[in-house]
There are 2 protein chains.
Amino acid sequence: MAVKAATTMDRRTGVALWRQIADRIRQGIAAGEFGEGGRLPPETALAERFGVNRHTVRGAIAALVQEGVLRAEQGRGTFVERRKRLSYPIARRTRFSEGLRDQAQDRRGHLLGETREDADTRVAEALGLQPGAPVLRVETMSEADGRPVSCATSWFDAARFAGMGEAIAETGSVTLAYRRHGVEDYFRQSTTVSARHADVGDLAALKLAPGAIVLVALAVNVDVEGRPIQFSETRFAADRVELAVAE
Amino acid sequence: MAVKAATTMDRRTGVALWRQIADRIRQGIAAGEFGEGGRLPPETALAERFGVNRHTVRGAIAALVQEGVLRAEQGRGTFVERRKRLSYPIARRTRFSEGLRDQAQDRRGHLLGETREDADTRVAEALGLQPGAPVLRVETMSEADGRPVSCATSWFDAARFAGMGEAIAETGSVTLAYRRHGVEDYFRQSTTVSARHADVGDLAALKLAPGAIVLVALAVNVDVEGRPIQFSETRFAADRVELAVAE
DNA sequence: AAATATTTGTCCGTATGTATT
DNA sequence: TAATACATACGGACAAATATT
């Protein structure tokens, strides 16, 4: 009777084996395990290493191919699609396209929607308004070289920034949209970074696979007089972006 | 014929429905959806909201009770175990215990191990050494009020900081350990933040559940003369910590 | 140039876990 | 509790593309 190889994978975690293995392969890639532009071991070898059937490994590889992490070629092997993470600077003067200028040819932002609503306590506090004050909620998305980088929800004082969404849509730039409202310059006052699993909205906006991670940055921008002009929650695709804190 | 409620849950993701729902409830708690010390809606209401059977919701709740996120009381309801996220400051002068002083009574660091190794290109570049130069690799872990907060791998120039691990273990503080090596003050030169799934080492050190997320901060500390003295990779439990960037 | 080995791609069937009714 | 449907995982066999000898 053949003794079955000890499986290091848990079967009762509610996470399918192929997904656990995909995560481990992704981590191995991030750790540089397979070298520069590296090639994965054959499916049979991976199956043995993880103590699972070859088909299960194939499921993991298929998911990573779908994600764009791997590329499989019949008869040749499976290869790592090397794609360096964009480094998104967080500084006192943080502007989307300037920060990524050297890292991507094509940077652009899109307006997804604009609605008018009443400020909840969190938004009101960040913008220095009374709770319930009218604010504009603006949904945007940005991409670099055709790959979604981030999606954001921003709140503006509706009294001061009427038509901000329209201005962003026409100029394609928050900086230029501010100019139209008499804000010549602005600064990042504070940034808080956390991370969580992408929700359904993030998955759609950023074209992510289920289970993906987003970096969440809560930020307050202020004008030259120090008055808050924008509160935003930006979700970055964690496998495509890192945040560089400049000090 | 009854029309079935549109399910927002995907069945082909490799993540069991009960786990997806557990993740969404966890997110809802983080977003403050159920209020202060809040009570969850009845299982039947949750089942309807998520478009699944009550049995499935029960599976999700059972997992969250196991995690310590929820507390279920027969006949009364299911309640959120209150735990606020620690806000970990990242600034030019970043020190572990000072930053958390107001947020946790009991802050402590532990030395997990120290080894001597040759610097790889990444470590060498960060510390301004030649690749292959001898460095100390120190593994540490920190907790606040008995809950693991972060674990870190740090590298020091072995020539300048011999016995650094021992000094950290005895003093329980990196700052004090530096003093023993003639470094009276130091600064954070750069910090890069990313996020990924916790690997097996992180899971053990931080007592996390499989699939958990860690915030990864790569940092370089320099002495008053601007010479690099430490390169570190710190993994924070993303569901317990947020990083506050001070500017 | 030809034969062989290696590696990915596809098909079959079966057993078990998950979710609904 | 039981019946049903689907997704997951395993095992084997073979085809197709590529690499090696």
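A, B, ... follow the sequence lines: proteins, then strands. Residue 1 opens every chain. Below, each value reflects all heavy atoms present in this structure, side chains not excepted, and no hydrogens, waters or symmetry copies.
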Is there any protein nitrogen or oxygen under 3.5 Å from a nitrogen or oxygen in nucleotides 17-21 of chain D, and what are the pairs?
unit_1: D/dA17; atom_1: O4'; unit_2: A/Gln74; atom_2: OE1; d: 3.4
unit_1: D/dA19; atom_1: OP1; unit_2: A/Arg76; atom_2: NH1; d: 2.9

Atom pairs, N/O to N/O, protein against nucleotides 1-3 of chain D, distance under 3.5 Å?
none

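Not counting sequence neighbours, the partners of A/Asp202 by the salt bridge (charged side-chain N to carboxylate O under 4.0 Å, His left out) test are A/Arg196, A/Arg235. Here A/Arg108 pairs with A/Asp106 under the salt bridge (charged side-chain N to carboxylate O under 4.0 Å, His left out) rule; sequence neighbours left out. Partners of A/Ser150 under the side chain to side chain donor-acceptor pair (under 3.5 Å) rule, at least two apart in sequence or in another chain, are A/Ser142. Evaluation of the side chain to side chain donor-acceptor pair (under 3.5 Å) rule for A/Arg116 yields no partner, not counting sequence neighbours. The salt bridge (charged side-chain N to carboxylate O under 4.0 Å, His left out) test applied to B/Glu143 returns no partner, not counting sequence neighbours. In this view, A/Arg107 satisfies the salt bridge (charged side-chain N to carboxylate O under 4.0 Å, His left out) rule with no residue, not counting sequence neighbours.
The existence of a salt bridge linking A/Glu43 and A/Arg58 is confirmed by a sub-4.0 Å separation between a basic side-chain nitrogen and an acidic carboxylate oxygen.
When the P atom of C/dT8 is taken as reference, atom CZ of A/Arg71 falls 12 Å away, rounded to whole Å. Distance, B/Ile21 CD1 to C/dT18 P: 14 Å, rounded to whole Å. One interatomic measurement links the two molecules: CD of A/Gln20 to C1' of C/dG17, which rounds to 14 Å at whole-angstrom precision. Rounded to an integer number of Å, the gap from B/Leu17 CG to D/dA5 C1' is 14 Å. Across the protein-nucleic acid pair, B/Arg19 atom CZ and C/dA19 atom C1' stand 16 Å apart, rounded to whole Å. Rounded to an integer number of Å, the gap from CD1 of A/Ile61 to P of C/dT10 is 13 Å. Atom CG in A/Leu46 sits about 17 Å away from atom P in C/dT6, given to the nearest Å.
Where A/Val57 and A/Arg54 meet DNA chain D, the nucleotide closest to each residue was compared, and A/Val57 sits on the side nearer the 5' end.
In this structure, the nucleotide among C/dA19, C/dT8, D/dA9 sitting nearest to the side chain of B/Trp18 is C/dA19.
Nucleotide C/dA1 has no partner under the Watson-Crick or G-U criteria, as no pair reaches both atom distances under 3.5 Å.
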Pair A/Arg49-A/Glu33, salt bridge (Lys or Arg N to Asp or Glu O under 4.0 Å): steps then yes or no: CA-CA 14 Å; A/Arg49 180 195 299 187; A/Glu33 193 175 322; 3.0 Å; yes

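A close approach under 4.0 Å does occur between a side-chain nitrogen or oxygen of A/Asn53 and OP1 or OP2 of D/dG11. Considering only side-chain N and O atoms, A/Thr78 lies under 4.0 angstrom from the phosphate OP1 or OP2 of C/dT8.
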Pair up each side-chain donor or acceptor in residues 120-132 of chain B with any protein partner under 3.5 Å, not counting sequence neighbours, and list the distances.
unit_1: B/Asp120; atom_1: OD1; unit_2: B/Arg122; atom_2: N; d: 3.2
unit_1: B/Asp120; atom_1: OD1; unit_2: B/Val123; atom_2: N; d: 2.8

